[in-house]
Amino acid sequence: MNGLDNFLINKLDDRKSKGLMRALPTFASPDIDFTSNDYLGLARSEELFNVIAQRSIHAQKKSNGSTGSRLLSGNSNLIEETESRLANLFNSESTLIFNSGYAANLAVLSSLPQRSDTIFLDEHAHACMKDGARLSLAKRVGFRHNNLNDLESKLRQATGQIYIAVESIYSMDGDVCPLKDLIYLAEKYDGTIILDEAHSTGVLGPNGAGLAVSLGLEQKIGIRIYTFGKAMGVHGACVAGSKLLQQYLTNFARSFIYTTAPSPHSVVAIASAFDYLAQHQYLQEKLRSIVNEFVSLMKDHPRRTPSYSAIQGIIFAGNENVRMTASNLRRKGFDVRPIVYPTVKTGQERIRICLHSFNSIQEINDLVHNLNLINNKQA
């Protein structure tokens, strides 16, 4: 056995001994979906699937792939036209398409902040924002989740250009960024907000333009990242901002420069998904009604994290406890997954419930009934 194998075995054994081992599921669950990010049901839409397939036939001379980086052979009229459409949708000067939200956040946070600058990260910000910040040379400072008093106390000590990295809707608790007050604070300290709209894209705003646009605050935010693999049901992402920002990222963002461009099929899928949503805006209202029903039934549940979004957390502290709870619910036919430490802090392990426009009221009632039974047994 060589040194690499020893290293791998020791690291994996250590993770197993702590009950932290991860593994890929071996098959898709036939249960009632309360775990996917397919909030509006677009990923499962046969109608949208057929639209994308038909449009892809005519795109880019029926090319299977983009063939290279956009700075070499991978650029096309198709992707530039789609970026222009997205800019109009998100009310920004420009957008730049990336292969994923992870790559987009990595690009922004690794390339913009310089050695003398300071990045402030909400402690619940997604891993890709934190990873991007680690790749920069800037100073990194965390602040307590959605706590603007804590943020301001730290802003007073900032050096250089200030960047504040937050999410519109947070992926674990489902709570919303206090965007209006954050903008006031950013302007007071001449900071730039980097807003990840991952879980609000498609769900909020006209034609799914996200939280900032829904509040009429988009012009106050320097950088917005939209991802298309959640409510939009496809894949990819874009950074929305000024034309100068687009030019900068094209020149300095390594996760843009040194990667193969999205395939024509992927670009067609993005445009088609937004076209489909524009014709099916009622899906947003259906989702809101499902969320309201769940919140109404669970408003007094002692384990529920406060959220009015499609993401609902039910705390069952301890990795083994939350795994057992998830297994019990799955045996009842509910596809729910445990979120364990180290993804969340110790004591904050939870069942993460994602609600969808296609969930029925009966399914919601049945899930709540079973959650109440489990809570009563563990009380």
Side-chain angles (χ1 to χ4, degrees), residues 33-34 36-56 81-92 95 97 101 167-171 174-177 179-180 195-219 221 224-238 240 266-296 307-312 353-364:
D33 183 3
F34 284 112
S36 79
N37 293 322
D38 188 22
Y39 304 123
L40 301 176
L42 300 193
R44 61 170 57 195
S45 169
E46 291 186 20
E47 183 180 359
L48 176 56
F49 179 91
N50 291 330
V51 168
I52 293 170
Q54 186 63 34
R55 290 185 180 180
S56 295
E81 289 166 2
T82 303
E83 286 173 336
S84 179
R85 291 183 59 193
L86 292 173
N88 289 332
L89 175 66
F90 300 140
N91 197 18
S92 63
T95 67
I97 287 178
E167 297 183 47
S168 291
I169 297 174
Y170 284 87
S171 60
D175 52 348
V176 178
C177 175
L179 199 53
K180 185 175 181 180
L195 180 66
D196 185 348
E197 295 261 21
H199 292 278
S200 62
T201 306
V203 172
L204 298 177
N207 297 319
L211 177 67
V213 174
S214 74
L215 298 175
L217 298 173
E218 68 274 14
Q219 300 306 318
I221 299 166
R224 287 171 280 148
I225 294 98
Y226 291 89
T227 59
F228 311 134
K230 296 177 173 59
M232 298 312 300
V234 288
H235 195 64
C238 76
S266 293
V267 179
V268 167
I270 293 167
S272 299
F274 279 102
D275 287 345
Y276 185 88
L277 181 57
Q279 298 164 9
H280 298 80
Q281 286 280 282
Y282 70 89
L283 291 172
Q284 288 184 339
E285 185 55 42
K286 283 188 68 177
L287 177 61
R288 280 192 290 271
S289 69
I290 292 296
V291 172
N292 290 340
E293 179 71 13
F294 183 88
V295 170
S296 175
S307 166
Y308 294 89
S309 75
I311 301 168
Q312 300 285 324
I353 294 170
C354 289
L355 304 171
H356 312 93
S357 61
F358 53 80
N359 290 134
S360 69
I361 297 299
Q362 186 60 57
E363 289 169 349
I364 296 297

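Reckoned from all heavy atoms, side chains included, excluding hydrogens, waters and symmetry mates.
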Inset, instruction - Compare all side-chain heavy atoms of T95 with those of L89 and state whether any distance is below 4.5 angstrom. - result: no
Legend entry - Between OG on residue S45 and CG on residue L42, distance to nearest 0.5 Å: 6.5 Å
Inset, instruction - Take D275 and R85, measure what side chain to side chain contact (heavy atoms under 4.5 Å, CB included) needs, and give me the verdict at the end. - result: CA-CA 10 Å; D275 287 345; R85 291 183 59 193; 2.3 Å; yes
Legend entry - Minimum heavy-atom distance between I52 and S272, given as atom pair plus value: CG1-CB, 3.7 Å
Inset, instruction - With sequence neighbours left out, write down each residue that passes ring pair (Phe, Tyr, Trp, His ring centres under 6.0 Å) with Y170, or none if nothing qualifies. - result: H145
Inset, instruction - May I ask you to test the F358-I290 pair for a side-chain heavy-atom distance under 4.5 Å? - result: no
Legend entry - Considering all heavy atoms, the nearest S357-G41 contact: OG-N, 4.0 Å
Legend entry - Reported CG-to-CG distance for the pair N207 and N88, which is rounded to 0.5 angstrom: 11.5 Å
Legend entry - Closest non-hydrogen atom pair, N359 against C354: OD1-O, 4.2 Å
Legend entry - Interatomic distance, S92 atom OG to I221 atom CD1 [nearest 0.5 angstrom]: 11.5 Å
Inset, instruction - With the side chain counted from C-beta on, respond yes when Y308 and V176 share a heavy-atom pair under 4.5 Å apart, and no when they do not. - result: no
Inset, instruction - Write down the atom of L195, the atom of E197, and the distance for their closest heavy-atom approach. - result: CD2-OE2, 3.3 Å
Inset, instruction - Rounded to the nearest 0.5 Å, what's the gap from CD1 on I353 to CZ on F294? Could you check? - result: 4.0 Å
Inset, instruction - Kindly indicate whether the side chain of N292, heavy atoms from C-beta on, has any atom under 4.5 Å from the side chain of S289. - result: no
Inset, instruction - Look only at the side chain of Q284 and the backbone of G205, and say whether a donor-acceptor pair between them is shorter than 3.5 Å. - result: yes
Legend entry - L277 backbone acceptor or donor facing Q281 side chain under 3.5 Å: yes
Legend entry - Main-chain N/O of F34 paired to H356 side chain as donor or acceptor, under 3.5 Å: no
Inset, instruction - Indicate the ring-plane relationship of Y276 and H280, choosing parallel, tilted or perpendicular according to the 30° and 60° boundaries. - result: parallel
Legend entry - N/O donor-acceptor pair under 3.5 Å between D38 side chain and A43 backbone: yes
Inset, instruction - Quick one: pull up CD1 in I169 and SG in C177 and give me the separation to the nearest 0.5 Å. - result: 10.5 Å
Legend entry - CD/E46: more than 12 non-hydrogen atoms of other groups inside 6.0 Å: no
Legend entry - Exercise: do S309 and H199 side chains pair donor with acceptor under 3.5 Å: no
Inset, instruction - Enter the distance from D196:CG to E167:CD here, rounded to the nearest 0.5 Å. - result: 5.0 Å
Legend entry - Sidechain-backbone polar pair: E363 side chain, S360 backbone, donor-acceptor under 3.5 Å: yes
Legend entry - Smallest separation among heavy atoms of G202 and L40, with atom names: O-CD1, 3.4 Å
Legend entry - Positive for side-chain contact (heavy atoms from CB on, under 4.5 Å) with C238, one of I270, T201, I97, I225: I97
Would you give me the side-chain donor-acceptor pairs under 3.5 Å for residues 227-235, sequence neighbours excluded?
residue: H235; atom: NE2; partner: N99; partner atom: O; Å: 3.2

Inset, instruction - List for me each residue that meets salt bridge (Lys or Arg N to Asp or Glu O under 4.0 Å) alongside E83, sequence neighbours excluded, and say none if there are none. - result: R70
Inset, instruction - Answer whether the closest heavy-atom distance between the side chains of L217 and K180 falls below 4.5 Å. - result: yes
Inset, instruction - Report yes if some heavy atom in the side chain of F90 is under 4.5 Å from a heavy atom in the side chain of R224; otherwise report no. - result: yes
Inset, instruction - Check whether any side-chain N or O of S200 sits under 3.5 Å from a backbone N or O of L204 as a donor-acceptor pair, and report yes or no. - result: no
Inset, instruction - Quick one: closest heavy-atom pair of L287 and A310, and the distance? - result: CD1-CB, 4.1 Å
Inset, instruction - Tell me, with the steps shown, if V203 and L211 meet side chain to side chain contact (heavy atoms under 4.5 Å, CB included). - result: CA-CA 9 Å; V203 172; L211 177 67; over 6 Å; no
